[in-house]
Asks: 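I have a structure here, written as structure tokens, and I will follow up with some questions on it.
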There are 2 protein chains.
Amino acid sequence: MSKPRLEMIAETRAKLIAAARHAFGTVGYAESSMDDFTAGAGLTRGALYHHFGDKKGLLQAVIQELDAEMTARLNKVSAKAPSLWQGFVDEYTAYIEMALEPEIQRIVFRDGPAVLGDMSQWPNANGCIAALRKSLAELKADGTIIDVDEEATARLLNGASIHAAMWIANSDDPQSTSIQAVGGFRALLEQLRVRAN
Amino acid sequence: MSKPRLEMIAETRAKLIAAARHAFGTVGYAESSMDDFTAGAGLTRGALYHHFGDKKGLLQAVIQELDAEMTARLNKVSAKAPSLWQGFVDEYTAYIEMALEPEIQRIVFRDGPAVLGDMSQWPNANGCIAALRKSLAELKADGTIIDVDEEATARLLNGASIHAAMWIANSDDPQSTSIQAVGGFRALLEQLRVRAN
DNA sequence: GCCACTTACATACGTGGCGTATGTCGAGAC
DNA sequence: GTCTCGACATACGCCACGTATGTAAGTGGC
């Protein structure tokens, strides 16, 4: 009568990830007590260690979930754009805007690198970086942008956009800083286009 | 007969900062035990709490010291260059190379932001960012580079260079990745120059 | 030159959080 | 129906941080 076994397991995993995601996203990784948020999810640390091994393992799982969501959102953005170039710009803008969301910023861009090392080395959680690189490759093949090293450029733009997001997020006046940062970033992207002349 | 008071105090502060710097730079902030490295410096946690308030305060002091050193190094690099543009490129290259040094990378670029928040908001430790922005402003005034928002561009380039450094540092083959990353970065900078045409 | 006071540290203690070892209960295999 | 295994809970030890308290040395006023 009770639900199938696998389903219940998936449910507890999901509950733990959701609780951890909330805790990590609000008070941060280091300040999150595993006892606290497992209790909030109606479980104990036992379940947690059983499924994820340790606190870092849980963080990995949370990041993997976040990355998957972010990648899906980015793909949606670029699919909706009227041109490759527009899609590219929109994608990066969306990326910056996502990095402004407190949960993503804290977990993916701050605590994640500090605890797990640099993002570019994460095994199952760099879907959005891949998505952005793919767009760049298409534009290069398409002749829209100048001949640059895809890998390097994608990573540099990635770093610039993350930093832009941090700048906005920590600004006294996020509204105007956002305009300034996104404007500057678009200007930078514009330099990559092949000159009409 | 004993040394002047203030001198002894400065000495203990220096010893604590040096010990913490080493510990933070090697095992990382979170894994550094204050008991351990204070003992290594011939002191106890009492001295530490007296001078720095808490562990974060000590990290701040360490970062401030590192930033001062980095700023001095950057200024030396740009002063030595034969032209403003060359100085600019050299400065950013030097910045990337500094971010490759394990101590700086770990403390300033990884643990620092995670514990103290984004670098751009640090009160007494953004000398090198200021130095880089100054170079950019000079180039703009000089007409060497196109008209961009100084503040925004400096921050974006800053983010890109940090990310480049992380990429190199975490690469399987740092040597070749370094060439790729620095090359890509220079190509990006090149786009900012006013076209000869 | 003595005394009150402050300052720079050391020592002792409580608390809390992580990880692990152990226990238990229910579900499926046969 | 028993047996086994896996999903979780419980209990324990350890370590690290922060704080409260102690102490000895230095400093200023008279």
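Heavy-atom basis, side chains included; hydrogens, waters and symmetry copies ignored. Each chain gets a letter, A, B and so on, in the order its sequence line appears, and its residues count up from 1.
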Asks: Under a 4.5 Å cut-off applied to non-hydrogen side-chain atoms, are Leu136(A) and Ile145(A) in contact?
Replies: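 In short, these two side chains touch, coming nearer than 4.5 Å.
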
Asks: What is the separation between atom CG on Leu43(B) and atom C1' on dT23(D), rounded to the nearest whole Å?
Replies: 16 Å

Asks: Show the numbers, then the answer: is there a salt bridge (charged side-chain N to carboxylate O under 4.0 Å, His left out) between Glu151(A) and Arg155(A)?
Replies: CA-CA 6 Å; Glu151(A) 173 90 4; Arg155(A) 286 178 183 274; 2.9 Å; yes

Asks: Assess the residue pair Asp35(A) and Ser33(A) against the criterion (side-chain hydrogen bond (donor to acceptor under 3.5 Å, both in side chains)); give the C-alpha distance rounded to whole Å, side-chain angles, the decisive distance to 0.1 Å, and a yes or no.
Replies: CA-CA 5 Å; Asp35(A) 282 304; Ser33(A) 162; 4.6 Å; no

Asks: Nearest to the side chain of Ala47(A), which nucleotide is it out of dG18(D), dC9(C), dA9(D)?
Replies: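 Nearest to the side-chain atoms of Ala47(A), counting from C-beta on, is dA9(D).
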
Asks: Begin from the C-alpha positions of Glu150(A) and Arg133(A) and carry the test salt bridge (charged side-chain N to carboxylate O under 4.0 Å, His left out) through to its verdict.
Replies: CA-CA 7 Å; Glu150(A) 286 167 29; Arg133(A) 178 165 44 205; over 6 Å; no

Asks: Check whether any side-chain heavy atom of Lys56(A) lies under 4.5 Å from a side-chain heavy atom of Tyr29(A), and answer yes or no.
Replies: yes

Asks: Which whole-number value in Å describes the distance from Leu59(B) CG to dG18(D) P?
Replies: 12 Å

Asks: Do the side-chain N or O atoms of His50(B) get closer than 4.0 angstrom to the phosphate oxygens (OP1, OP2) of dC9(C)?
Replies: no

Asks: Find which nucleotide of DNA chain C each of Arg45(B) and Arg13(B) is nearest to by heavy atoms, and output the residue with the more 5' nucleotide.
Replies: Arg13(B)

Asks: Report the distance from atom CG of Leu48(A) to atom P of dA9(D), rounded to the nearest whole Å.
Replies: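 The answer, rounded to whole Å, is 10 Å.
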
Asks: For Arg73(A), is there an ion pair with Glu69(A) - N to carboxylate O distance below 4.0 angstrom?
Replies: no

Asks: For Met166(B), is there any backbone N or O sitting under 3.5 Å from a side-chain donor or acceptor partner on Asn170(B)?
Replies: yes

Asks: Without decimals, in angstroms, what is the distance between Phe52(B) CZ and dA8(C) P?
Replies: 12 Å

Asks: Given dA8(C), is OP1 or OP2 found less than 4.0 Å from the side-chain N or O atoms of His51(B)?
Replies: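 It does not, given that no N or O in the side chain of His51(B) lies less than 4.0 Å from OP1 or OP2 of dA8(C).
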
Asks: Please state whether the rings of Tyr92(B) and Phe88(B) are parallel, tilted or perpendicular, taking 30° and 60° as the class boundaries.
Replies: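 Geometry flag for Phe88(B) against Tyr92(B): perpendicular rings.
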
Asks: Check whether any side-chain N or O of Thr12(B) sits under 4.0 Å from OP1 or OP2 of dA8(C), and answer yes or no.
Replies: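 Checking dA8(C) against Thr12(B), no side-chain N or O comes under 4.0 Å of OP1 or OP2.
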
Asks: dA10(C), dA11(D), dA8(C): which one has an atom nearest the side-chain heavy atoms of Ile9(B)?
Replies: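 Ranking dA10(C), dA11(D), dA8(C) by closest atom to the Ile9(B) side chain puts dA8(C) first.
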
Asks: Tell me which nucleotide among dG19(C), dC8(D), dC17(D) gets nearest to the side chain of Tyr49(B).
Replies: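 Of the options given, the side chain of Tyr49(B) lies nearest dC17(D).
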
Asks: Using the side-chain hydrogen bond (donor to acceptor under 3.5 Å, both in side chains) criterion, which residues pair with Gln86(B)? Sequence neighbours excluded.
Replies: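 Asp90(B).
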
Asks: Contact list please: residues 17-34 of chain B against DNA chain D, heavy atoms, distance less than 4.0 Å, in numerical order.
Replies: Ser32(B), Ser33(B), Met34(B)

Asks: Using whole Å, what does the distance between atom P of nucleotide dA16(D) and atom CZ of Phe37(B) come to?
Replies: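 So the two atoms are 12 Å apart, to the nearest Å.
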
Asks: Specify the separation, in whole Å, of atom CE of Met8(B) and atom P of dA10(C).
Replies: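 Taking CE of Met8(B) and P of dA10(C), I get 11 Å after rounding.
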
Asks: Could you state the CG-P distance from Asp35(B) to dA10(C), rounded to the nearest angstrom?
Replies: 12 Å

Asks: Go through it in stages, so that I can follow the logic: the residues are Leu43(B) and Leu48(B), the test is side chain to side chain contact (heavy atoms under 4.5 Å, CB included), and I'd like the CA-CA distance, side-chain angles, deciding distance and then a yes or no.
Replies: CA-CA 8 Å; Leu43(B) 294 160; Leu48(B) 210 160; over 6 Å; no

Asks: Round to a whole Å and report the spacing from CG of Leu16(A) to P of dA7(D).
Replies: 13 Å

Asks: Determine to 10° how strongly the helix from dG1(C)-dC30(D) to dC30(C)-dG1(D) is bent, judged from the axes of its five-pair ends.
Replies: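 One end's axis against the other's: 10°.
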
